[in-house]
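Below: one structure, written as structure tokens.
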Amino acid sequence: ASSMLKSLVSAKTDKNISGIILKINSPGGTVAMSQNIYNKILEVRNIKPVVAVFEDIGASGAYYIASAADRIVAQEGSLVGSIGVIFSFMDFHNLLANKLNINSVVIKSGKFKDIGSGTREMTDEEKTLMQEIINDSYEQFVIAIINGRINRTDNYNVEKTNLTEQTLRMFADGRIFTGRQAKKLGFIDQTGDMDTAKTMITSMMQQKYKNDLPASLV
């Protein structure tokens, strides 16, 4: 993630780069880092065309950042989607207390300080708090896709599928799609590989720069 962010910062101001392909093969990552990359892609997209191409998998945080690109390409068999947010905790307090006769002693400054501890059962109040965090992060995810993908206003004459907010919210429940399914629903724009992405972005660069085309894409 850090490497991609640095590359985007560099490519944004490099006058010899006229278009950017993001090669993505990831099941996702943290919300904040996904947002960092997403925001940077949006900045670059205002200056140069950006195409994201998924290899085997482009899910969760990987789809989050790809939604900021002008277009998304994936193979028909790529795994795409998993739109959602998750926290998971291990609860092994019964094993410690009942099987191993080990008890945990915690001294804390506030009642939520050891939230998620595996040495005790989570309270209903803690579950409510965590659910509120999940819900807020999830809504940020959905809004990012709406802003980055549904509200696209470019005039590039290349393959483009339209995703509606109704479809997004209907299927943004953590499920994954094949690339072919994702295209049919509007979550990607074209099925194909890196060569497909190169052909697409070359056309986009020609349309944007016309006779003043810089040297290369990255």
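The CG atom of Leu5 sits 9.0 Å away from atom CD1 of Ile41, with the distance rounded to the nearest 0.5 Å. Here Ser88 contributes atom OG and Met130 contributes atom CE; the two are 10.0 Å apart, rounded to the nearest 0.5 Å. One finds the CD1 atom of Ile150 at 11.0 Å from the CD1 atom of Ile143 (value rounded to the nearest 0.5 Å). Atom CD1 of Ile17 is separated from atom OG of Ser10 by 6.0 Å, given to the nearest 0.5 angstrom. The distance from atom NZ of Lys40 to atom CD of Gln35, rounded to the nearest 0.5 Å, is 14.5 Å. In this structure, CD on Glu165 lies 8.5 Å from CG on Asn151, to the nearest 0.5 angstrom.
Looking at Glu126 and Leu129, their side chains never come closer than 4.5 Å, going by heavy atoms from C-beta outward. Between Leu8 and Leu22 the shortest side-chain heavy-atom distance falls below 4.5 Å. For the pair Leu163 and Phe187, the minimum side-chain heavy-atom distance is below 4.5 Å. Counting only heavy atoms from C-beta outward, the side chains of Ile188 and Phe177 never approach each other to under 4.5 Å.
Between Leu42 and Gly148, the closest heavy-atom pair is CD2-CA, 4.4 Å. Here the shortest heavy-atom pairing between Val73 and Asp193 reads CG1-O, 4.0 Å. The minimum heavy-atom distance linking Ser60 with Pro27 is given by the pair CB-O, 3.4 Å. Taking every heavy atom of both residues into account, Gly19 and Met205 meet most closely at N-SD, 3.4 Å. Of all heavy-atom pairs between Gly84 and Tyr138, the closest is CA-CD1, 3.9 Å. When all heavy atoms of Ser67 and Ala144 are compared, the pair lying nearest together is OG-O, 4.1 Å.
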Residues 102-110, side-chain donor-acceptor partners within the protein, below 3.5 Å, at least two apart:
unit_1	atom_1	unit_2	atom_2	d
Ser104	OG	Thr119	OG1	3.4
Lys108	NZ	Lys111	O	3.2
Lys108	NZ	Asp114	OD1	2.7

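The side chain to side chain donor-acceptor pair (under 3.5 Å) check on Lys48 picks up nothing, with sequence neighbours excluded. For the side chain to side chain donor-acceptor pair (under 3.5 Å) test, no residue two or more places apart in sequence or in another chain qualifies with Thr199.
Legend: ring pair (Phe, Tyr, Trp, His ring centres under 6.0 Å) pairs involving residues 5-50, not counting sequence neighbours, sorted by first then second residue: Tyr38-Tyr64. Contacts classified as ring pair (Phe, Tyr, Trp, His ring centres under 6.0 Å) and involving residues 72-115 (residues at least two apart or in different chains) are not found.
Remark: Arg152 does not engage Asp154 in a salt bridge, criterion side-chain N to carboxylate O under 4.0 Å.
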**Message:** For Ile146 and Arg169: C-alpha separation, side-chain torsions, deciding distance, then whether side chain to side chain contact (heavy atoms under 4.5 Å, CB included) applies.
**Reply:** CA-CA 10 Å; Ile146 291 171; Arg169 291 190 179 275; 4.2 Å; yes
Q) So Ile72 and Phe54, side chain to side chain contact (heavy atoms under 4.5 Å, CB included) or not? Walk me through it. A) CA-CA 8 Å; Ile72 302 175; Phe54 292 140; 3.6 Å; yes
Would Glu43 and Ile47 satisfy side chain to side chain contact (heavy atoms under 4.5 Å, CB included), going step by step from the backbone distance to the final call?
CA-CA 7 Å; Glu43 289 180 20; Ile47 303 171; over 6 Å; no
Derivation and outcome, side chain to side chain contact (heavy atoms under 4.5 Å, CB included), residues Met4 and Ile24:
CA-CA 10 Å; Met4 178 178 281; Ile24 301 172; 4.2 Å; yes
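Between the side chains of Thr202 and Gln206, no donor-acceptor pair is found at a separation under 3.5 Å. Side chains of Gln131 and Asn135: a donor on one and an acceptor on the other come within 3.5 Å. Under 3.5 Å, the side chains of Asp136 and Gln140 contain a donor-acceptor pair of N or O atoms.
For the pair Tyr63 (side chain) and Ile145 (backbone), a donor-acceptor distance under 3.5 Å is absent. Distance alone, capped at 3.5 Å, places no donor-acceptor pair between the Asp70 side chain and the Val51 backbone. Listed for the Gln207 side chain is a donor-acceptor partner under 3.5 Å among the backbone atoms of Asn157. Proximity of a side-chain donor or acceptor of Asp91 to a complementary backbone N or O of Glu121 within less than 3.5 Å is not detected. Checked by atom type and distance alone, the side chain of Ser137 pairs as donor or acceptor with a backbone atom of Ile133 at under 3.5 Å.
Connection of Leu96 to Met122 is not established within any shared hydrophobic cluster, with ILVMFWY side chains joined at heavy-atom distances below 4.5 Å, either directly or through further cluster members. Residue Ile37 is not grouped with residue Val9 when hydrophobic side chains (ILVMFWY) are merged at heavy-atom distances under 4.5 angstrom, including chains of intermediate members. Tracing side-chain contacts under 4.5 Å through hydrophobic residues (I, L, V, M, F, W, Y), one reaches Ile134 starting from Val142; they form part of the same cluster.
Connectivity analysis of hydrophobic side chains (ILVMFWY, heavy atoms under 4.5 Å, direct or indirect) links Ile57 to Leu79, Ile176.
Checked against Arg71 for a side-chain contact (heavy atoms from CB on, under 4.5 Å), the options Thr161, Ile21, Val158 give a single hit: Val158. Among Lys160, Lys183, Arg149, the single residue meeting the salt bridge (Lys or Arg N to Asp or Glu O under 4.0 Å) criterion with Asp189 is Arg149.
Within 6.0 Å of atom CE in Met90, 12 or fewer heavy atoms from other residues, nucleotides or ligands are found, so the atom counts as exposed in its surroundings. Heavy-atom contacts from other residues, nucleotides or ligands closer than 6.0 Å to CZ of Arg180 number 12 or fewer.
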